Amino acid sequence: MKKNKIINEYIKKTRQRINTYVDNNKPFITYVITILINSLLLRILTMKSFDAVFTIKPLIADLAFILFVGSFVYLIKPNHQKKRFIYLLIVAFLLTLICIINSIYYTFYTSFSSISLIATSKFIVEVGDAVTQNVLQIKDLIYLWGPIVMIMTYYKLKKEGYYKDKKRLNSTKKMMVKTIYVALILAGLFIINLSSLEVGRFMKQWNREYIVKRFGIFTYHLNDAVKSLEPKLVTLFGYDSAKENFDQYFIDNPTIYKSNMYTNIFEGMNIIAIHAESIQTAAMEQVFNGLELTPNLNRLAREGIFFDHFYNQVSVGTSSDTEFTLNTSLMPSSIGTVFVNYFDREYISIPKLLKEKGYYAFSMHGNNGSFWNRNVMHKSLGYNKFYSKESFEIDDIVGLGLSDKSFFRQSINYILDIKEKHSPYYGTMIMLSNHTPFNDLDKYGNFAVDIKETVISPDGTSEVVTYPYMEETKLGNYFKSTHYADAAIGEFIQELDNNNLLENTVIIIYGDHDARLSKSNWNLLYNYDKDSDSVLDESDLNYIDFNSYSYELNRRTPFIIWTKERTFNRKVSSVMGAYDIAPTLGNMFNFKNPYALGKDIFNHLDDNIVVFPNSNWLTNTVYYNSQKGEYLTLTNSIISSDYIDNNIEYTEKLLEVSNNIINYNLLNFSKEK
Ligand code: GP9
Ligand code: MN
């Protein structure tokens with residue numbers, strides 16, 4: 001009885017407190033609610049995602065942000081109610097403006113705006129275009145209802161004598177501290193509920209839709225502002241020493257083009273480069289129940305030149321880092337991502353070098369053009385045209401979006417059109433379907449990743465016994481997805497052939513990075529015990545130690561050079577990095593990048609080195625782990641400490657010069673001081 005009374009009393013008091021708070025802070029509450037609704041409205045109207053209504057996370061993040069910036073209103077003395085109102089109105093107007101700008105930007109780019117894009121004069125015209133071509137649609141202005149309601153509320157309250165009430169004078173600086181507390185608690189709640197995927201994507205900031213959907217527009221822009229400042233801050237100092245270091249590097253390591261058996265063999269031929277999402281060389285090596293997992297890639301690899309120890313050198317920019325490194329022979333940036341943060345620098349790239357030789361350069365991708373900021377960066381890299389999602393009919397979806405099969409099918413007409421108008425051409429086809437999390441299983445077709453064995457009983461009858469093996473595992477799903485991607489590549493090559501597009505054309509295929517699956521997945525593949533349907537015991541004689549080095553070495557992705565016009569049947573097993581592609585193709589197609597960090601692999605089959613962005617490095621004889629300061633020898637040859645030290649030094653210098661080139665825009669010779 002007594003307990004109930006206390007509870008009732010408590011509820012009564014809390015209710016009273018809330019009522020007093022609401023009564024004393026009506027203008028502030030109006031501000032919070034209207035802006036919160038505007039942010040929600042933006043998510044619904046742009047991404048047309050009605051699940052945005054039911055997602056609590058972005059609402060919490062928005063609320064924390066809105067409360068925080070609004071809280072400073074309590075610094076203004078309570079008897080200056082008009083000034084307080086003006087402060088709230090200005091904040092509300094600015095936040096509404098963010099919604100309006102994004103609403104306009106989204107219509108044009110199917111993405112959200114970025115401070116770095118607007119602030120960079122080179123691209124302002126583009127954003128300017130977007131604004132002028134999108135003359136004030138009603139849906140962009142709808143957000144103004146917020147400030148209008150605030151103004152109306154202000155005058156209504158004024159008329160009612162609300163501001164004359166002495167009670168309102170209680171809300172002072174103390175109120176600000178309390179509001180900030182609430183904002184911080186909300187922010188804390190929001191942060192502890194984030195998944196690692198959400199945190200990862202937030203740090204990278206490239207998937208803008210995803211971030212706005214999960215974090216709300218204001219947190220997105222806050223993060224965007226910080227990310228946009230990063231590259232500016234690092235370049236404020238140190239240009240002269242960076243330039244000196246750059247000059248010295250290329251004196252010590254000049255880019256030499258020595259001729260070899262492949263010099264100029266493909267000069268003047270078209271290039272179609274297939275960016276094969278997440279394809280690992282290890283996947284190409286898989287055979288299940290007598291069936292090759294990737295028969296098409298395997299055939300192309302057999303007939304062409306196949307580099308089976310090719311490694312990507314990606315950092316947080318994954319796909320985009322490979323596109324960058326492959327085209328420029330530079331390393332990805334150590335801070336941020338080149339495609340997102342350093343798109344406004346000058347780069348020497350394959351498209352630009354080929355264009356000097358009369359080529360036309362294009363790229364195609366079935367996803368949003370703003371992913372990885374490609375719509376801006378592909379222009380920077382020198383592609384004449386980038387065909388993104390808008391150019392394709394989204395008639396078949398696998399994984400992240402338009403299926404590879406449909407994408408390739410639809411691209412044929414575009415390529416035919418390009419062929420008619422331009423010759424020769426260089427095209428990059430960026431695949432999409434084989435992307436983590438590889439769970440669109442019913443779309444991949446039927447490819448069993450189990451083990452089927454025929455057992456003959458003593459009475460002569462036979463029976464097929466099935467062991468699950470990779471079925472229902474993440475790696476197994478990845479294999480099924482890879483099988484789909486391989487089939488898509490096969491169909492594409494066939495269609496190109498049917499349309500005479502293989503004539504005078506070289507096909508380049510590269511896996512863009514590994515599938516990012518954990519070590520335990522691969523361990524099961526290489527150490528499967530049928531009887532227990534699990535990993536073999538380590539003491540078993542057949543147990544293969546798949547350790548962290550094996551994992552790193554297993555991240556190989558295929559690199560294939562193939563043309564219908566000539567059979568090579570060549571496998572190259574020396575280690576090679578994505579930065580070696582431009583110099584290697586340069587020798588074959590006769591274009592030269594004097595500031596390449598990679599090498600023509602055919603002149604360095606024995607002494608090549610693959611540098612990774614985390615300063616690990618790999619040669620034919622050693623994998624060096626710079627985090628641990630230890631290495632694994634890959635052959636029986638004796639490794640001298642000089643060999644290790646020289647390569648460590650080379651790696652550090654190479655990474656430094658690459659970062660300097662990007663940060664200080666050192667390839668922009670027109671602006672040289
Ligand atoms: C997105 C696709 C994926 O369009 O290229 O990028 P990733 O996650 O592989 O870096
Ligand atoms: Mn990728």
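Whatever order the structure lists them in is the order used to number ligands and atoms, beginning at 1. Since this is a predicted model, take the numbers as computed values, not measurements. Just the heavy atoms: all of them, side chains too, but no hydrogens, waters or symmetry mates, feed the values below.
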field: contact_flag His275 ligand 1 heavy-atom lt 4.0 Å
entry: no
- request: Ignoring hydrogens and angles, state whether a donor on the side chain of Ser481 or Asn434 is under 3.5 Å from an acceptor on the partner side chain.
  value: yes
field: Note: Glu346-Lys352 ion pair, threshold 4.0 Å (strictly below)
entry: yes
message: Taking N, O or S atoms only and a limit of 2.8 Å, check whether His275 reaches the Mn ion (ligand 2).
response: no
message: Quick check for you: with the Mn ion (ligand 2) as the vertex, what angle do OD2 of Asp512 and OE1 of Glu277 span, to 10°?
response: 90°
field: Under 3.5 Å side-chain donor-acceptor pair for Asn547 and Ser550
entry: yes
- line: So the atoms of ligand 1 within less than 4.0 Å of a heavy atom of Phe371 turn out to be 1 (C), 4 (O)
Those atoms of ligand 1 less than 4.0 Å from some heavy atom in Trp372: 6 (O), 7 (P), 10 (O)
query: For ligand 1, is there an atom lying under 4.0 Å from some heavy atom of Arg516?
result: yes
Thr325 (side chain) donor-acceptor with Leu330 (main chain) under 3.5 angstrom: yes
message: Can you tell whether the side chains of Arg409 and Glu393 come within less than 4.0 Å, N to carboxylate O?
response: no
- request: Show which atoms of ligand 1 fall inside a sub-4.0 Å distance from at least one heavy-atom site of Asn367.
  value: 1 (C), 4 (O)
task: Confirm or rule out an N/O/S atom of Ser319, from backbone or side chain, lying less than 2.8 Å from the Mn ion (ligand 2).
output: yes
task: From the options Glu277, Arg374, His435, select the one whose nearest heavy atom is closest to atom 8 (O) of ligand 1.
output: His435
query: So which of Tyr484, Phe288, Tyr444 actually passes ring-ring contact (aromatic ring centres under 6.0 Å, His included) with Phe479?
result: Phe288
- request: For the residue pair His378 and Phe386, categorise the inter-ring angle as parallel (less than 30°), tilted (30 to 60°) or perpendicular (more than 60°).
  value: tilted
task: Provide the closest heavy-atom pair for Pro558 versus Phe310 in the form atom of the first, atom of the second, distance.
output: O-CD2, 3.9 Å
- prompt: Which of the atoms in ligand 1, numbered in the order shown and given with their element, are less than 4.0 Å from a heavy-atom of His513?
  reply: 9 (O)
- request: Using distance alone, determine whether Ser319 and ligand 1 share an N or O pair under 3.5 Å.
  value: yes
